[in-house]
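Beneath this line is the structure, given in structure tokens, with notes to follow.
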Amino acid sequence: MARVRYGARSDAEAAAARERSAKLPDIWSTGVVAVWETDPDVVAAVLPPPLKPTARPLVRANISKVDLPGYPLGAGSVAVAAAHGDREGWYPLVMPMTHERALIGGREVFGEPKKLGEVTVEREGLVVRAALARHGIAFVEVRGAVSGPLPLPEPVEKTDFYFKFLPGVEGTGFDADPVLVHCVRNEKVRRLERITGDVVLRESMYDPVADLPVRRLVEITIGEKTTDQKGTVAERVSARDLLPFVHQRYDDPLQILDGPPEGSA
């Protein structure tokens, strides 16, 4: 009988796939990172418990093109500084990806708030433009000119916080207790330059990062970096505390109730 591709795969096939993934070389990305201070009460308002604001109300926009062989990827995020206990990191509110493959793994494994979107990183000489867009709206745009090189930082460990959950089948709550995930990334940088420019936030009902106004621009850089990542479940969290924030994950919170048209099953 010919192989049935929807059939079960053997343990050996699964092990071989994991081994291939483990042997991937460093994957380098070229990206623009903008960091700014916003209103402290805004940062506090978007953080689900048990996350807390840090001493500085920082926002970070990361806009990158990733050099995947034969499969170039645009990836971005807008995140606010946050702390879980004594660990500080970033809580991403939206993570546009240009391909479904990058979106699925991050959402289903780590709980990342990834959505399909458009990612632009352009450089002509010293002039740089980078943007994140969805539904025809470039809701974050970074514009400027390279003003000089920066010293390369030492390899560093960074943490992002995600909430992993499954909306309830019956239309309310969750199917199981949600979990808070610590995603730890080891980052190496091989090129880094300073940009003199500005950050433009445009109104979007789908991606309302305009609610995080630029009160003081901290820095804009462009660089080349590579990272790995490992996730761990830090703790199970209160469904009651998280439910008011679930809408952050969706363009329309009611879309989690969407099902197949009647009679299509």
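When a residue number appears, it is its place in the shown sequence, counting from 1. Keep in mind it's a predicted model, so treat the numbers as computed, not measured.
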Regarding Thr159 and Arg87, is there a side-chain donor-to-acceptor distance under 3.5 Å anywhere?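 Side chains of Thr159 and Arg87: pair found under 3.5 Å.
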Where is the tightest heavy-atom contact between [X] and [Y], given as atom of each residue plus distance?
X	Y	value
Phe110	Val181	O-CG2, 3.6 Å
Val199	Ala34	CG2-CB, 3.7 Å
Ala131	Arg129	CB-NH2, 3.8 Å
Phe165	Phe163	CD2-O, 3.7 Å
Leu180	Phe161	CD1-CB, 4.2 Å
Pro57	Pro40	CB-CA, 3.8 Å

Asp241: what forms a side-chain contact (heavy atoms from CB on, under 4.5 Å) with it, not counting sequence neighbours?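 Asp241 satisfies side-chain contact (heavy atoms from CB on, under 4.5 Å) with Pro49, Ser238 only.
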Quick check: do [X] and [Y] have side-chain heavy atoms less than 4.5 Å from each other?
X	Y	result
Leu47	Tyr91	yes
Val146	Ile222	yes
Ile220	Arg194	no
Glu112	Arg249	no
Asp39	Arg215	yes
Asn62	Ser64	yes
Leu201	Pro213	no

Around atom CG of Asp41, are there more than 12 heavy atoms from other residues, nucleotides or ligands closer than 6.0 Å?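 It does: Asp41 CG has more than 12 such atoms within range.
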Can you tell me if Lys115 has over 12 outside heavy atoms packed within less than 6.0 Å of its NZ?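 Count over threshold, so yes.
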Check for me, please, whether [X] and [Y] land in the same ILVMFWY cluster - side-chain distances under 4.5 Å, paths through other members count.
X	Y	result
Leu166	Val109	no
Val233	Leu242	no
Val179	Val246	no
Val59	Val42	yes
Val46	Leu243	yes

Salt-bridge contact [X]-[Y] (side-chain N to carboxylate O under 4.0 Å):
X	Y	result
Lys65	Glu122	no
Glu141	Arg202	yes
Arg185	Glu187	no
Asp177	Lys164	no
Glu224	Arg190	yes

Under 4.5 Å side-chain heavy-atom separation, chaining through any Ile, Leu, Val, Met, Phe, Trp or Tyr, what else clusters with [X]? Say none if it is isolated.
X	answer
Trp90	Val33, Val35, Leu58, Val218
Val156	none
Leu192	Leu150, Leu152, Val189

Treating [X] as the side-chain partner and [Y] as the backbone partner, does any N or O pair qualify as donor plus acceptor under 3.5 Å?
X	Y	answer
Thr226	Ile27	yes
Thr54	Arg56	yes
Arg107	Lys114	yes
Asp228	Asn186	yes
Trp36	Leu212	yes

Run Asp207 and His135 through side chain to side chain donor-acceptor pair (under 3.5 Å) and show every step you take. CA-CA 10 Å; Asp207 304 290; His135 301 287; 5.6 Å; no
For the pair Arg134 and Asp251, evaluate side chain to side chain contact (heavy atoms under 4.5 Å, CB included) and give the outcome as yes or no after the intermediate values. CA-CA 10 Å; Arg134 298 181 65 250; Asp251 289 350; 2.9 Å; yes
Run the numbers on Val184 and Glu157 for side chain to side chain contact (heavy atoms under 4.5 Å, CB included), then give the verdict. CA-CA 7 Å; Val184 177; Glu157 181 182 280; 3.2 Å; yes
Pairs under 3.5 angstrom only: tabulate donor-acceptor contacts from the side chains of residues 93-105 to other protein residues two or more places apart or in another chain.
unit_1, atom_1, unit_2, atom_2, d
Thr98, OG1, Gly74, N, 2.8
Thr98, OG1, Gly74, O, 3.4
His99, NE2, Pro72, O, 2.8

Which atom pairs, one a donor and one an acceptor, fall under 3.5 Å between side chains of residues 77-86 and the rest of the protein, sequence neighbours left out?
unit_1, atom_1, unit_2, atom_2, d
His84, ND1, His182, NE2, 2.8
His84, NE2, Glu235, OE2, 2.6

If we check side-chain contact (heavy atoms from CB on, under 4.5 Å) with Ile195, which of these qualifies: Val128, Val142, Val127?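 Result: among Val128, Val142, Val127, Val128 is the only option passing the side-chain contact (heavy atoms from CB on, under 4.5 Å) with Ile195.
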I need the Leu132 CG to Ile137 CD1 distance, nearest 0.5 Å.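 It comes to 13.0 Å.
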